[in-house]
Amino acid sequence: MIKVTKLDLSPLKTFGKTHYIAEITEKLEGEKVTLTGWVYRKREHGKLVFIILRDGTGTIQVTIHKDKVDERSFKDARKVSLESAVKLTGIVKRDPRAPGGVEIQATSFEIVSLAEPWPITKDAGKVFLLDMRHLHIRSFKVRTILYLRSEICRYMREFLHKKGFVEIHAPIIITAACEGGATLFPLKYFGRKAYLTQSAQLYEEAAITSLEKVYTIAPGFRSEKSRTRRHLTEFWMVECEIAFATHEDIMKLQEELVTYVCEKIVEEHEKELKEILNREFKPPTIPFERITYTEALDLLREKAGIELPWGEDFGAEAERELSKMFDQPFFVTHFPTVIRSFYHQPDPENPEVTLSSDLMAPEGYGELSSGGVRISDYDLLVKRIKEQNLPLESYSWYLDLRKYGIPPHAGFGIGIERLTAWICGLEHVRDTTLFPRTPSRVYP
RNA sequence: GCCGGUGUAGCUCAGCCCGGUAGAGCGGCGGGCUGUUAACCCGUAGGUCGUGGGUUCAAAUCCCACCACCGGCGCCA
């Protein structure tokens, strides 16, 4: 039997129910309870019908004997189809034959909403399940992932508020690229060109001059035909930006944040992780190892036989191999200036590299976050924008910030789907989303 | 955008090489069963074989084109 953990079930009970399934224990033996939910399994045995009832908190076996309920209840129980919404009343009974040792012996049973034959069967393939995503999200596996994603976000907010961060909401509709290179989704905006944002970062850089430490949990959009298990066209990030911060400051913050989230997940949800997602997960310990980009190239050459010229970004294989060399998250720092976005601050000691870092997950999961120090100097920023052939006029307000007292500042963005996929041990980031968006899928 | 693969019943697939009346399992529907654990037993319905063209007496099968999707690469969170 499945039971969720750490969910406060007391505050809201509706529709006449007396309990949620997770609350039904041996201690309630003999008590009369009313439950609502969905038919998860059904087995008919003539005068006896077994129903495994599911609600948002778990499952429990219900027995409906012909002789112990009224005629209409028994008729409903025989007729009811999988995933129909139902309401029932019965007595809690201990019975070793029941899964979990406790069952409900129904005294009445009522169909609230009769379902058509359920299209999802044990043979369903992954494409079909995505087509049926609106129905498949009822499964315990999907439910658990979506729930843990919610918890991951809650823990991130919890942590950031403890650290004095202010949550802001940056615009989703924008007029210019946040970074060069990546393609934006265009849209019509009353006769003008506008786009969907790919990052809140530039707006956060404005916000820190008011609120000092800000973060946002928001979607980003990339119109790239990426066909990988790490990309979606619509994805969510937690992005932090801090005034008067150094590169080391944001790396420390990231390792504390990620560790906090992982510890809380294991502390409060290890059972679901193990039993439903089959995931053995150990929270990382601080500090995370830091290696420079140049050291990473050496490691790849020595340990994986992958030879990359200095100044070239890691490919998928290199990133995966590097990721497998560690057993907990680690930072790769000081990426070459030529492969980083225009806003990254070059290292004053060696302008060939930037004060930037990617946080990498172990086990082949690869990049979780990307961050660094932003350029505060007006002239340098103009130079970098020109070097990357970006339209200067698009960035005029962003450049303007550099004229009006912007301090040294730094920030980072963590991919929520990637973090969730790593913690839950999933193969594909799309499995962490309610309705994934990929180049080939905008429906359902 | 590039490389590889797949497309046949509601679902998962076989049949294709070697052309000759379209198959299985699961699910559905009808019936039976008072202890099942994604029960079991009996019966039954269900198909423009991705689309278009070609070869042939005959095409799911051979040829050509196109489309859709999957896996990987590139791009990145």
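Just so you know, these numbers use all the heavy atoms, side chains as well, and skip hydrogens, waters and symmetry mates. This one's a predicted model, so the numbers in the text were calculated from it and none came from an experiment. Just so it is clear: chains get the letters A, B, ... in the order the sequence lines come, proteins before strands, and each one is counted from 1.
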Does the structure show A:F50 stacking with B:rG35, if we require the centres to be closer than 5.5 Å and the planes to be within less than 30 degrees of parallel?
no

Proximal nucleotide (of B:rA39, B:rU37, B:rG32) relative to the A:Q61 side chain
B:rU37

Under 6.0 Å from the ring centre and within 45 degrees of the ring axis: does the NZ or CZ of A:R340 meet both conditions for the six-membered ring of A:F335?
yes

Just to confirm, is there a sub-4.0 Å distance from OP1 or OP2 of B:rA77 to any side-chain nitrogen or oxygen of A:S370?
yes

Taking any heavy-atom pair under 4.0 Å as a contact, classify A:D313: base, sugar-phosphate, or nothing.
sugar-phosphate

Using the P atoms only, state how far B:rC42 lies from B:rC26, rounded to an integer number of Å.
11 Å

Pair A:E205, A:Y398: side-chain N/O donor-acceptor within cut-off below 3.5 Å:
yes

Quick one: the side chain of A:E44 and the base of B:rC40, do they pair up donor-acceptor inside 3.5 Å?
no

A:R143 to A:Y147 six-membered ring, cation-pi geometry met (6.0 Å, 45°):
yes

Between the side chains of A:E272 and A:K274, is the shortest nitrogen-to-carboxylate-oxygen separation below 4.0 Å, so that they form an ion pair?
no

P spacing across the pair B:rC66 / B:rG4, given as an integer number of angstrom:
15 Å

Select base, sugar-phosphate, or nothing to describe what A:G46 touches, counting heavy atoms under 4.0 Å on all strands.
base

